Each structure stands twice: as structure tokens, then as C-alpha cells.
**Student:** 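Please see the structure below; I have some questions.
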Amino acid sequence: MRGVGVETRSLSRRFGARAALDSVTLDVEPGESFGLLGANGAGKTTLIRLVTGTLLPSAGSVRVDGLSPTEHPERVQAQIGFVPENAQLYPELGVGHFLRFCGGIRRLRGDELEQAVGAASERFELGDVLRRPIGHLSKGLQQRVSLARAFVHDPRLLIVDEPTSGLDPLQQAEVRGTLAALHGSCTVILCTHDLAEARQLTQRLAVLSEGRLVACGETAAVLDGDDPLALFRGHPAATEASA
């Protein structure tokens, strides 16, 4: 399986007196689909920002393929594709133009760029809309464009933050099917608060509550307890059940 490993050791981040992330230790194996589950404000986005190197840790460490995002930012960033919760798109640009622009930012040029855009558009089934302005597309198609943007440089780690937020049920099913098809082609970290989404798309997951790790293990084992919602409250029983 293709991908990179991610590990954190006693990773913490404070904002003043508030601990957004409190001594979290995790291992994500190369090529697996791993979930970060928790309510809003649980610390998921903070952890993602630490992994990508856009935020510095207050304590502890994080490694992507053995490299520190703060010590080797360019080498780590070259391996990561990131899909934010709110798609960062240019509605006036055509899909193909936008993907070429994103590939250029990743230092792709000439034939290599055209091949990368072709591969990404094929993977995410965008061939029929390459000439259409992004702003004219449905939300589901726009999310696929966002995924293609993150994948245009063929990353070994794809981080996806709340990929179906704001989509209708049909669009959610479409995006989830697209993500499921990525299994084994790279390491995927899925940040979500949706239990059904976590069950469908992840092999293992970690549950955060108020910045603390309250459960970690195989998805079915963690979520199939009597009261999975207790995980969101950081209930002590949740930690014991997943140990």
C-alpha cells in the first residue's frame, strides 16, 4: 500500500491558558484510512494544522514519514494534499485552468503538469466539466474539484476536513464514494464529526474531546459500543471500552 506514516508523541498546543490539544500520542500507518472524530472544538483542526506545519506545537512532537513539519516544511508539504472544510476555490476560473494553476504552485510544468491535471480530473471524474467555471458547478462537483486540487501533485498523505459538510444526501454519497475509492492509493486522514461517515470511510480512528484523546482503535470496535455519543463527551467509559 502506498502512503506515509504519521506519528505524534505527547503533542500539545495551547492558546494562552486554553489547551486546544493536550498530550496526544497517535500512530497512523502508511496507506491506511484513519479518522479523527470529535465534536466541534474537540481539537481535530488543531491537530491537522500541527501535522501540516501551519501551527507550531507548544510541546511534544509530530512526524510525517519520519520528518518534522517545522524542521523540514518543504519536504513534508510536498507529500501532503489538504482539503479544507470550506473549499478554497476561484469561482470565475474554469476547472481545468484552476487545476493547472494549482499544479503550477506545486512546481509542475509542461507535460508533467498536463499529465497531472489529466490524472486528477480522471480520478475525480471531472473530464466533462473542465471548461466550465467552478462557480457554475453544484456543491458536490465543487467538492470533487477541491479533492482534485489536493491530489494534483499525487500526494502520499491526503488530509480531508469535514468533506461532506453542507452537502445534500446525494452529494454526500457521491463524495464519500470518491473518498472510499482512494483506499490504498495513499494515507488518508479524515476529520469528521459524522459517525456514519467514519464507519464508511475509515479503518481506524481516534476520538478527541476537549483536546484530549479519549479513544483510539479499529473503527468498528470504537463505535459499536452501547453509547457511541459518550465518546463526544469524553466519558471515562468510552476510554475503557476502546482500550
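Residue numbers count from 1 along this sequence. Quick caveat: nothing in here was measured; it's all calculated off a predicted structure.
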**Student:** Filter on ring-ring contact (aromatic ring centres under 6.0 Å, His included), then keep only pairs touching residues 144-178, sequence neighbours left out; what's left?
**Tutor:** Phe124-Phe151

**Student:** Examine distances only and state if a side-chain atom of Lys44 and a backbone atom of Leu208 form a donor-acceptor pair shorter than 3.5 Å.
**Tutor:** no

**Student:** Could you tell me whether His97 atom NE2 has more than 12 heavy atoms of other residues or ligands within 6.0 Å of it?
**Tutor:** no

**Student:** Could you measure the distance from the CG atom of Leu56 to the CZ atom of Arg49? Nearest 0.5 Å is fine.
**Tutor:** 10.0 Å

**Student:** What are the two closest non-hydrogen atoms of Arg9 and Leu26, and how far apart are they?
**Tutor:** NH1-O, 3.2 Å

**Student:** For Ala150 and Pro155, work out which heavy atoms get closest and say how close.
**Tutor:** O-CG, 3.5 Å

**Student:** Looking only at heavy atoms, which two atoms of Ala198 and Leu37 are closest? And how far apart?
**Tutor:** CB-CD1, 4.3 Å

**Student:** Hey, quick one: are Val28 and Val188 part of the same hydrophobic cluster, counting side-chain heavy atoms closer than 4.5 Å, chains of contacts allowed?
**Tutor:** no

**Student:** Report yes or no: does Gln172 contribute a side-chain atom to a donor-acceptor pair with the main-chain N or O of Leu167 at less than 3.5 Å?
**Tutor:** yes

**Student:** Could you list the residues that satisfy side-chain contact (heavy atoms from CB on, under 4.5 Å) with Leu170, not counting sequence neighbours?
**Tutor:** Asp168

**Student:** Taking Val145 as the starting point, is it possible to reach Leu108 by hopping between hydrophobic residues whose side chains are less than 4.5 Å apart?
**Tutor:** yes

**Student:** Show every side chain to side chain donor-acceptor pair (under 3.5 Å) that has at least one partner inside residues 139-152, sequence neighbours left out.
**Tutor:** Arg144-Glu174

**Student:** What pairs with Asp161 under salt bridge (Lys or Arg N to Asp or Glu O under 4.0 Å), at least two apart in sequence or on another chain?
**Tutor:** none

**Student:** For residues 81-96, dump all side-chain donor-acceptor pairs below 3.5 Å to protein atoms at least two apart in sequence or in another chain.
**Tutor:**
unit_1: Glu85; atom_1: OE2; unit_2: Ser165; atom_2: OG; d: 3.4

**Student:** Please tabulate, for the side chains in residues 213-221, all donor-acceptor contacts under 3.5 angstrom to protein atoms that are two or more places apart in sequence or on a different chain.
**Tutor:**
unit_1: Thr219; atom_1: OG1; unit_2: Thr202; atom_2: O; d: 3.2
unit_1: Thr219; atom_1: OG1; unit_2: Thr202; atom_2: OG1; d: 2.8
unit_1: Thr219; atom_1: OG1; unit_2: Gln203; atom_2: O; d: 3.2
unit_1: Thr219; atom_1: OG1; unit_2: Arg204; atom_2: N; d: 3.4

